[in-house]
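Here is how names work: the chains are called A, B, and so on, in the same order as the sequence lines, proteins then strands, and each is numbered from 1.
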Amino acid sequence: MTAHQLKSEIVRKEQLAKDIIRLTLAAPEIAVRAIPGQFMMLKATDKMEPLLRRPFSIHQATSNGLVQILFKVVGAGSKFLADREQGDILDIVGPLGHGFDLPDDPSANLCLVGGGMGCAPLYFLTKRLLTNRLEGSLQLYLGATTAKELAVVKEDFENLGVKVFAATDDGSLGYHGFVTDLVAESLDKELRWQFYSCGPHPMMNKVARFCAAEKWPCQVSLETMMACGISACLGCTVRSSPAKLISSNKQFLHVCKDGPVFDSGDVAWTTAER
Amino acid sequence: MTAHQLKSEIVRKEQLAKDIIRLTLAAPEIAVRAIPGQFMMLKATDKMEPLLRRPFSIHQATSNGLVQILFKVVGAGSKFLADREQGDILDIVGPLGHGFDLPDDPSANLCLVGGGMGCAPLYFLTKRLLTNRLEGSLQLYLGATTAKELAVVKEDFENLGVKVFAATDDGSLGYHGFVTDLVAESLDKELRWQFYSCGPHPMMNKVARFCAAEKWPCQVSLETMMACGISACLGCTVRSSPAKLISSNKQFLHVCKDGPVFDSGDVAWTTAER
Amino acid sequence: MDHGREINLTTHIGGGLILRNPVMTASGTFGYGREFSDFVNLHHLGAVVVKGISLLPRSGNPPPRIVETTGGMLNAIGLENVGVEAFLRDKLPYLREIGTPVVVNILGDSLDDYAELAEILNDIDGISAIEVNISCPNVKQGGVAFGTDPGMVRAVTRAVKAKTSRPVIIKLSPNVTDITVTARAAEEGGADAVSLINTLIGMAIDHRTRTPRLANVIGGLSGPAIKPVALRMVWQTARAVKIPVIGIGGIMNAEDALEFLVAGAAAVQIGTANFVNPDTTERVVDGITRYLQESGCQALQEIIGTLRLC
Amino acid sequence: MDHGREINLTTHIGGGLILRNPVMTASGTFGYGREFSDFVNLHHLGAVVVKGISLLPRSGNPPPRIVETTGGMLNAIGLENVGVEAFLRDKLPYLREIGTPVVVNILGDSLDDYAELAEILNDIDGISAIEVNISCPNVKQGGVAFGTDPGMVRAVTRAVKAKTSRPVIIKLSPNVTDITVTARAAEEGGADAVSLINTLIGMAIDHRTRTPRLANVIGGLSGPAIKPVALRMVWQTARAVKIPVIGIGGIMNAEDALEFLVAGAAAVQIGTANFVNPDTTERVVDGITRYLQESGCQALQEIIGTLRLC
Ligand SMILES: Cc1cc2nc3c(=O)[nH]c(=O)nc-3n(C[C@H](O)[C@H](O)[C@H](O)COP(=O)(O)OP(=O)(O)OC[C@H]3O[C@@H](n4cnc5c(N)ncnc54)[C@H](O)[C@@H]3O)c2cc1C
Ligand SMILES: Cc1cc2nc3c(=O)[nH]c(=O)nc-3n(C[C@H](O)[C@H](O)[C@H](O)COP(=O)(O)OP(=O)(O)OC[C@H]3O[C@@H](n4cnc5c(N)ncnc54)[C@H](O)[C@@H]3O)c2cc1C
Ligand SMILES: Cc1cc2nc3c(=O)[nH]c(=O)nc-3n(C[C@H](O)[C@H](O)[C@H](O)COP(=O)(O)O)c2cc1C
Ligand SMILES: Cc1cc2nc3c(=O)[nH]c(=O)nc-3n(C[C@H](O)[C@H](O)[C@H](O)COP(=O)(O)O)c2cc1C
Ligand code: FES
Ligand code: FES
């Protein structure tokens, strides 16, 4: 795996909602290698504060050398990035980490579940899945707190020709409630599904439990604090599941290297440590 | 003396030269009290770096509640300020310090010598001197490295009806050489002069020596590192001259409180400590 | 949430001294109080700790005395101060009038200096407590800082306690292997409280001129850069001694102050932040109050030392 | 100025070991070298110091393990590492191929651990020096860190020296009252060099949940926030010992590195900066070279320890 550190120009900036931004970056070396589920580490200041880079999933990588990130402003680092303008240069490192494993079987039934900014890598994944000429069904669920956060990306997915099952906490768009409940209520349980999920930890936890009960394979994209993103600091650990501990003899997994995408059965879904 | 901490709007931003900026700030409480030679402490970040405020002389204070600063970009703090735009809000503290003492005698002959950004407080001083209906002569000398740094402010002074004797290090405007040499060569030594000077330390040192030799009174505006600007940290010391040490029993003076304007005879002109 | 609700912010900082709220100023960063009267309502503070006072006036170190570092600053003021006589004559009356508790920070070159200062201050009205800066060199014993040797800490504490009936706060140096050892030494010596941390010793160099950036070569590091170290030491100390602990170091806002309170500090002192925002102290009082209201607390005491280890 | 001019950047770091330039990586921040091969030409570095190795693999502390602070970060990795066997089998061959000097950082719970590691490594080709991390608790002696007690420092140094013919660098802990005491203890024990500083112990709290931000509660503070403390300790140590001193702590760029060299460091190690900019080490080499060219120096040695005190 080869990663690159680049000075990358912002070729487009889109304000999708009040605090949600999409940046399109010129990064040919990264775009050509990127796999859905991989991420990049962006320098989020020109000073020493915040000191560390910030990880963002690759939202899209195009054949003409562009990559996108889709992110929410939650603190100083994302604020800095949101304040950049078209033409500004960002220092980025990527592509990093272990992405989603695509199905070998073209007739697999795929179910994608995204919550909040978890939709970011799922867009790249959906595009890639669609190019692999799919025979099975592809079902996409997206959850958000409110319509405003969901509307724009929903449209983007629909433009790919995918039907979006939407859920919002406030009921302002689609199902009123958790996206996981919508999945449980509406998915055809007669079929065998391969799950792909990215979103808040509790949401993925529910998805993972649901899949475990149905014995469906499930890949989840996890987040942790990261200092380096390149498996040097060993800071980005999550606990292995008991099964994984036995099979690998590893008590911890590293999100930036073993992940961010894991088989949901490999990680311990303790919430205490988050 | 009353100082104020204000959220002050930038009502105008002028880029006078490549790295020289003038900001006009709405700060009625400061404008009404300001005395030429006083300064303000500006918060030069919205984060923790640079941590400390930065001191800037009051370049002008108007009766309609505006103050100006004129500054050069030399590091992170001044860069931050230079990147602000009209309509942005700055956190400022002022007016601070002991300014220039205006002449009691309306017929005094006044000589102002500014070097580099030292012209900033001299503009405010000149305006104030002119309003005090002057009988004696007012001679103004300004030095800079090159014409571009001098041109704009020179014009401003000329618009007040004052003739500017200009000197540039590269000879691109006015006298080719140090402004202090121009003073020595052109000033009428038959008269008794009251000097006011602000600029680089070595320049003021020369002015001070020149005045001492002629036994002319001379006020200088000094710069030091400052943490607080309000005489709390005791960090902004300069050494007293031997004479001052004897008269006051103080080994050190504090620039933010005893100054920034001092009688040139009160301070020790050691350059080693700077 | 009833935002108008009155919160009991009072806190005991030892020797019977109760502050109306836990926000104090840190010595050397708030002058003698008056310097901040344009920016802060001094009545709203828990206590004002004044610049360190010695028996005789001191003129301090030559310049440069301060330099900025990443997230912090180094100072080598050299304990410049007006001396105890001028302090009592020129500075204290103003503070006495304000009525906010005044803590006098003292420093000396020898045990006798500290004892004499304590004795002088004991007779004076309007002094609520004495804070002893032990990060000074013991001139009589080879110049090692009092604060780095438990035996000397005990001795200084005893010497001061013997001469005063006021609460005595020992201000600990962080430049030690184990702060709980010096904290316990202070406690054994009879201290009513400990405050920590004083500055970490640091240095900066101008690589072009190859000279130190401070005339004194080394100086004290303060500001947000040191907050993690300060918080760790406060937490360790609060578990090691029974007397109140006052937390200091890099507190810039109410959130930072709350971290120290949760770690076990009975009160906090705010230093470098006063330079950055002269109204910090008052803002921290407001911020703590708001936080307590929002979390449904009735009193500050409900959060002190409540760190949960899982 | 002739910018193409060759500058002699070599430097001695003790025990006869000469590096082609003074820029090393700091243990635990550069993996086992390979992790940075996409970003840095490893041939251009003075030496690679690998992640601390113990006799047996360690899985380290539970998450969260890192938290950012102002100008720095806290880590409580818990010395996770693959163990010496896997290191020699899976990691060393790659580095050996590169040819850049490899310094193996070792850690243990007891004197015996250190001695055994030194013995194992002594027989191995492609190891240029051993760096001993003594900021670990001595499990057999109540868990006090080896690095805080001069007697233990001397003992560890002797134990390691007795088992290896390689240069031994003792990596000092900054969490001590007087770093020159532990530095001299290492020198007395036979150390070929000392490196400093390791991280300062710190802590961070989430005031809302009232829980520590690190599962381990306390962690090591690194990054630019600690640079002033590191620089001061390096300066003090360089004056106190005769063996080479390697400077570490908050070095982000060539200017920072030059400050340490001027203070007396024979070489520097770069830690946290590798996370911020993975190409930092190479950039620092370039920056030092450029500075020496611009100041008309022929060799690095012309600036080491040249701090002028006025
Ligand atoms: C592999 C990966 C991919 C990600 N992809 C996306 C994405 O596509 N879009 C998006 O909006 N966000 C994404 N995130 C989360 C994003 O990294 C954080 O929102 C961002 O780092 C916050 O930085 P900040 O300075 O704005 O906020 P801070 O002030 O640092 O923190 C705000 C909140 O974000 C959390 N956070 C801070 N730093 C990190 C970090 N390094 N890793 C994880 N969480 C952190 C904090 O715990 C806190 O709750 C991803 C995280 C990871 C690990
Ligand atoms: C009373 C007073 C009035 C001033 N008036 C003006 C003015 O009207 N216009 C103007 O352009 N500049 C003025 N200065 C200088 C101005 O304060 C500095 O240029 C500014 O603080 C530099 O900050 P920085 O972060 O951009 O640079 P830094 O990166 O901090 O430093 C760059 C250079 O500026 C010097 N410097 C940094 N901070 C200070 C400080 N707090 N005080 C003095 N020098 C410092 C440093 O030694 C260094 O050489 C004044 C200084 C003082 C003390
Ligand atoms: C400029 C300056 C002067 C100080 N003077 C004193 C002093 O006279 N006595 C004292 O005990 N501490 C003194 N201190 C230390 C502070 O009181 C405080 O302990 C330290 O700065 C850490 O807190 P902070 O990070 O909030 O500044 C001084 C600190 C600074 C920055
Ligand atoms: C994530 C991390 C892991 C570290 N692991 C080790 C280690 O295994 N052994 C060791 O001696 N030092 C270790 N250190 C300390 C560094 O080598 C270095 O001494 C310290 O971080 C200060 O340098 P810096 O400010 O440049 O990071 C580690 C530091 C960090 C940040
Ligand atoms: S983020 Fe550093 S090892 Fe994963
Ligand atoms: S700048 Fe703080 S006392 Fe003058």
Side-chain angles (χ1 to χ4, degrees), chain A residues 1-7 29-30 33 41-55 75-77 91-96 222-240 245 248-257 267-268 270 272-274, chain D residues 25-26 28-40 50-52 57-82 209 211 213-215 219 222-225 227 250 252-253 271-280 282-283:
Chain A
M1 240 182 2
T2 312
H4 296 269
Q5 181 176 8
L6 302 175
K7 301 278 179 207
E29 294 89 338
I30 296 177
R33 282 190 179 75
M41 294 292 282
L42 275 74
K43 207 150 160 18
T45 177
D46 43 8
K47 304 226 184 68
M48 302 284 182
E49 190 204 358
L51 183 66
L52 301 171
R53 285 172 185 265
R54 295 292 189 255
D91 188 315
I92 70 179
V93 173
L96 299 170
L222 298 187
E223 292 190 7
T224 51
M225 270 298 299
M226 289 188 175
C228 73
I230 56 175
S231 103
C233 74
L234 307 181
C236 60
T237 31
V238 289
R239 225 180 251 282
S240 304
L245 176 56
S248 71
N249 201 22
K250 280 186 186 168
Q251 204 176 337
F252 300 112
L253 302 169
H254 295 104
V255 173
C256 79
K257 188 177 161 235
V267 296
T270 50
E273 286 171 356
R274 298 191 51 91
Chain D
T25 65
T29 67
F30 207 72
Y32 301 102
R34 190 172 208 154
E35 290 82 349
F36 283 77
S37 58
D38 284 343
F39 311 106
V40 174
V50 299
K51 173 70 188 165
R58 295 192 184 204
S59 41
N61 288 328
R65 288 181 172 188
I66 47 179
V67 55
E68 198 169 334
T69 65
T70 303
M73 62 177 279
L74 287 166
N75 87 78
I77 306 302
L79 300 168
E80 171 179 347
N81 78 91
V82 297
T209 58
T211 54
R213 286 190 188 271
L214 295 172
S222 64
K227 195 186 76 169
M252 302 304 285
N253 51 43
T272 303
N274 293 309
F275 307 153
V276 178
N277 277 314
D279 62 353
T280 303
E282 211 174 344
R283 284 212 235 178

Point to revise | Option that, when pairs with chain D are counted at under 4.5 Å, heavy atom only, ranks first among Ser231(A), Ala232(A), Cys236(A) | key: Ala232(A)

Practice item. State whether the number of non-hydrogen atoms from other residues, nucleotides or ligands found under 6.0 Å of Asp46(A) atom CG is greater than 12. Key: yes

Exercise for review: Report the distance from atom CG of Leu51(A) to atom OG1 of Thr69(D), rounding to the nearest 0.5 Å.
Suggested key: 8.0 Å

Review point. So how far is it from Met48(A) CE to Thr272(D) OG1, rounded to the nearest 0.5 Å?
Key: 11.5 Å

Point to revise | Heavy-atom proximity to chain A below 4.5 Å, by part of Phe36(D) | key: side chain

Review point. Less than 4.0 Å between a side-chain N and a carboxylate O, is that true for Glu80(D) and Lys250(A)?
Key: no

Revision key, fill the gap. For Glu68(D) and Met225(A), the nearest pair of non-hydrogen atoms, with its separation, is N-CE, 4.4 Å

Point to revise | Structural part of Met226(A) lying under 4.5 Å from a heavy atom of chain D | key: backbone

Point to revise | Pairs of heavy atoms under 4.5 Å with chain A: top-ranked of Pro57(D), Pro278(D), Gly60(D), Gly78(D) | key: Pro278(D)

Point to revise | Point-to-point distance, once rounded to the nearest 0.5 Å, from CE of Met73(D) to SG of Cys233(A) | key: 6.0 Å

Review point. Pick from His254(A), Lys47(A), Lys257(A): which one has the most heavy-atom pairs with chain D under 4.5 Å?
Key: His254(A)

Revision key, fill the gap. Output for pair (Leu234(A) CG, Arg65(D) CZ), nearest 0.5 Å, gives 6.5 Å

Point to revise | Contact class of Asn61(D) relative to chain A, heavy atoms under 4.5 angstrom | key: backbone

Practice item. Can you see which heavy atom on Pro63(D) is nearest to which on Phe252(A), and at what distance? Key: CD-CE2, 3.7 Å

Review point. Would you find a donor on one side and an acceptor on the other, under 3.5 Å apart, between the side chain of Gln5(A) and the backbone of Asn277(D)?
Key: no

